[in-house]
Amino acid sequence: MTSIETLPMCAVRPDGASGSRFQNEGNELMRASQAVAEVLRREGIEYAFCIPSNKLIDSVAEVGIRPIVGRHERSTINMADAYSRITNGEKIGVALVQQGPGAEAAFGAIAQAYSDSVPLLFLPQGDPRKAHGLRTSFDAVEAFKPISKWSARLDNPATIHDQLRRAFQLMRSGRPGPVLLELPIDVADEEVDESLFAYEPPARYLSAANHADVVRAVDILMQAERPLIRAGHGVLWAGATDELVEFAELLGAPVATTYVAKSAFPENHPLSIGTGGTGVSAGIRAFVPDADVIFSIGASLLNTLASFHIPAGRTIIQSTNDPDDLSLQYPIASGLVGDAKLVLSQVTEELRRRLGSAKPVSAARDARAEVAAVAEQTREEWAERFATDEVPISPLRLVSEMINALDPDKSIVTHDSGYPRDHLAPHYVSTRPRGYLGWGNSTPLGSSLGLALGAAVAAPGKISVCFLGDAAIGQCAVEIETAVRNKIPVLIVLTNNSEMTGYGHHHPIAQERFGHKELSGNFAEIGTALGAVSYKVTDPGEVGPALRKAIAEVEGGATVLLEVITSALRHRYPAVDVIPN
């Protein structure tokens, strides 16, 4: 697949020698902006997602870090967000914006990253120090404190490397999250003796759970009749999919994921019962109500749009790397504080030791057969809905054609908010970690395209796909030009039903009198105007062929918009209803 062009990691100094940064002529000084860029270079940063103007843009380019310029701050930060997710934080997404309105417009995207616990480095330019405290000077450091893991100002060039070391240590430790470091425009050009600069990337430190807590958790699991595993985003950040599979197979328990954790457990595994948030898979609907013990791993257990609720009265074991998560909305019988990968290894070892002399109560159950039976019943119930030839095209027919056309081992799929998410997530089968980019603890409409762009940059060998509606594309369509200009191949699948689906019942008077939910637009033409290869499909029989053609175009390096004219599916079928608490 054609991918975006990359630049060498080291620049060439004016004297022709290879180096990590330019030096000022004839002296041993470096500018503050150069110091920031040098830290990023040593951290292995390859891209800076940005919107001018920011002094750091030239400085990072100077050391070989490629600036990727977006069209809007929110989408630009979404790119950095997805870059961190797809690389599992091994490479941190970096976002640069200007002071004032740039930082102000970035707030929603940083809040989204914070709610989903995504590490990214946000480096807004700041007003000069003499303007601090004025009513017209936006104080990003104070404004972003509630939605960042750390928010500070780089106001002393001599300590920049120390502050950035702290930033990367925080992003690598405990619960992930965004960090903001504002560089005032006047500080950026101040010079510092380069002999004061010293930077080595900080290591990631992990902790395991207390052994007594592990024993307690396994005691409970051994007595469970119908245990169920609920996997959260922490499993992905820990790279713990293999450990989760081993533990689930040893326990013989069904596994469900939250929307944000979708792909943490292979959904083609015989113990997978799918994913759930605002909508849930048929497997979750079948198994969660009857579970007596829920083992939650890598999750806060907060009830959000991206996580399915647990019915009252269940025994809960909660494992998280953040003790502040424990018992927030559910009482727990046992808590395990530690990295998901290490904790899974601990409980697996303890469970294996117990199984040498005893069988768990759940051994009388054949969970695999139960899961297979539900899956077969679901296929039969949904076959007609997925194959319908109704016109306008059913969004479920579109989803089924996407499932058939995409190779999950070679794709990264993400959704947008609302009905596109709830139709796609419970049915699309993700087979590899980060093969599906789920999000939604905060659900800003129009995030999917920026996320798909960041995913494509992070994994150029994969087909990056976003699935969104006509309401969502109204907030991000201009980023199609960003993809084309930067040669970032993505597939944009648009379900266009000319309305904000699901909003009519919220505002029946406004709808009846003024048609408030109605939308319009010829988005294929917009895509073409912005440089993308664009198609419009109105015949259900053409959806599959159009998708396969679009995938081939993306593999050849194109950005493709596939607009599918769909019906307004005004209700959710039973398999995508929310489980009542």
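Not measured: the values here are computed from a predicted model.
Between F168 and Y199, the angle of the ring planes goes over 60°, which puts this pair in the perpendicular group of the 30/60° scheme. Between Y428 and Y436, the ring planes lie tilted relative to each other; the angle falls in the 30° to 60° range.
In this structure, R153 pairs ionically with D139, as a charged nitrogen and a carboxylate oxygen lie closer than 4.0 Å. Of the charged side-chain nitrogens involved, none lies within less than 4.0 Å of a carboxylate oxygen, so that D162 and R166 do not count as a salt-bridged pair. A salt bridge links E370 with R365: the closest approach of a Lys/Arg side-chain nitrogen to an acidic carboxylate oxygen falls below 4.0 angstrom.
Without hydrogens or angle criteria, S307 side chain to L302 main chain gives a donor-acceptor distance under 3.5 Å. Proximity of a side-chain donor or acceptor of S345 to a complementary backbone N or O of K341 within less than 3.5 Å is detected. Checked by atom type and distance alone, the side chain of D322 never pairs as donor or acceptor with a backbone atom of R175 at under 3.5 Å. Between the Q125 side chain and the K55 main chain, a donor and an acceptor come within less than 3.5 Å of each other.
Identified under the ring-ring contact (aromatic ring centres under 6.0 Å, His included) test for residues 237-273, with sequence neighbours left out: H233-W237, F247-F295, F265-H269. For residues 442-467, no pair satisfies ring-ring contact (aromatic ring centres under 6.0 Å, His included), with sequence neighbours left out.
Side-chain contact annotation: S362 with R226, donor-acceptor N/O pair under 3.5 Å absent. Between the side chains of T431 and E267, no donor-acceptor pair of N or O atoms lies under 3.5 Å. Side chain to side chain, S263 and R434 fail the donor-acceptor criterion of an N or O pair below 3.5 Å. With no hydrogens or angles considered, a side-chain donor-acceptor pair links D116 and N441 at under 3.5 Å.
Among the candidates V288, L301, T257, the single residue satisfying the side chain to side chain contact (heavy atoms under 4.5 Å, CB included) test with R230 is L301.
For the salt bridge (Lys or Arg N to Asp or Glu O under 4.0 Å) test, no residue two or more places apart in sequence or in another chain qualifies with D193.
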